[in-house]
Amino acid sequence: MGGVVFDYDSAPERYRLGMAVARASSTASLYEEVSSRLVALGARRTLDVGCADGALQSALPPGPLVVGLDAAAAMVRAHPPPVVRGDAARLPFADDSFDAVTALNMLYHLADPCAALREARRVLRAGGTLLASAIARSDSPELARFWRRPATSFDAEEAPALVAEVFDRVTVERWDAPLLTLADAAAVRDYLLGRQAPPSAALRAAAELPTPVRITKRGALVIASGGCA
Ligand SMILES: C[S@@+](CC[C@H](N)C(=O)[O-])C[C@H]1O[C@@H](n2cnc3c(N)ncnc32)[C@H](O)[C@@H]1O
């Protein structure tokens with residue numbers, strides 16, 4: 001499971017580069033999708049675990065409270081308040097504090113994602129909802145000859161089963177579609193750098209891949225409630 005580097009304090013621009021390319025090149029937004037679901041759920045208090053600099057919060061309409069939590073000081077500084085620095089596996093909140101907990105593209109950083117899932121369950125009120133997203137190992141197959149995403153502890157292939165170890169009602173929305181178009185060589189390079197590909201792979205892909213290129217995005221949003229006994 002090597003390959004996932006925690007560089008959000010040492011190189012926050014790497015994450016921001018990836019987000020900027022995704023925003024400029026995508027036809028769908030995970031954050032808009034999760035925002036709509038939170039509104040439909042009527043969530044008044046949401047905890048966004050691994051909030052980074054607030055992609056989810058900026059997609060939400062004004063009104064409901066979103067508390068951000070992130071392990072990286074650079075991300076906490078950039079997130080609008082309320083936000084706290086903390087660890088997903090030891091949440092600094094009382095039991096039953098939130099209507100919803102989101103963990104978007106972040107559980108793969110944890111060696112034991114179930115520890116964070118148990119914490120999410122603890123801070124959710126009875127009937128509260130977890131929304132956790134995961135990227136598939138087979139994501140972006142058009143770039144596989146240059147770079148493959150390493151296996152992680154929370155890939156979309158296993159994410160629903162891991163969530164089901166902690167929550168007893170689990171539904172999954174998967175995507176597998178050409179949701180992103182990289183317009184030119186710079187976008188190819190930046191997309192790969194943003195995903196922690198080595199610079200040599202990013203530069204080779206930028207030089208060799210004809211553009212524009214459509215990229216197949218594969219992943220899952222796992223929606224869960226109810227704690228297992
Ligand atoms: C790939 S970014 C995703 C950020 C955001 N949720 C999004 O979807 O754009 C992963 C985030 O999780 C944070 N993170 C990693 N491990 C963490 C942990 N154990 N506890 C809290 N945050 C963590 C990182 O600092 C980073 O901001």
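In listed order, ligands and their atoms are each counted from 1.
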| said: Looking at R214, I want to see if its CZ is surrounded by more than 12 non-hydrogen atoms of other residues, nucleotides or ligands under 6.0 Å. | reply: no
| field | Rounded distance (nearest 0.5 Å) linking atom CG of L221 with atom OG of S133 | value | 6.5 Å
Could you pull out the N/O contacts under 3.5 angstrom between ligand 1 and the surrounding protein atoms?
from, atom 1, to, atom 2, distance (Å)
ligand 1, 6 (N), G50, O, 2.7
ligand 1, 6 (N), L104, O, 2.9
ligand 1, 8 (O), Y31, OH, 2.7
ligand 1, 8 (O), L104, O, 3.3
ligand 1, 9 (O), Y15, OH, 2.6
ligand 1, 9 (O), Y31, OH, 2.8
ligand 1, 19 (N), D87, OD1, 3.0
ligand 1, 20 (N), A88, N, 2.9
ligand 1, 22 (N), A71, N, 3.2
ligand 1, 25 (O), D70, OD1, 2.5
ligand 1, 27 (O), D70, OD1, 3.3
ligand 1, 27 (O), D70, OD2, 2.6

| query | Taking atom types as modelled, is there a side-chain donor on D48 or T102 under 3.5 Å from an acceptor on the other? | reply | yes
| request: Determine whether the side chains of S140 and R218 contain a donor N or O and an acceptor N or O closer than 3.5 Å. | output: no
| message | Under a 3.5 Å cutoff, is there a donor and acceptor pairing between the side chains of T152 and D155? | response | yes
| Is there side-chain contact between R85 and H79, with at least one heavy-atom pair below 4.5 Å? | no
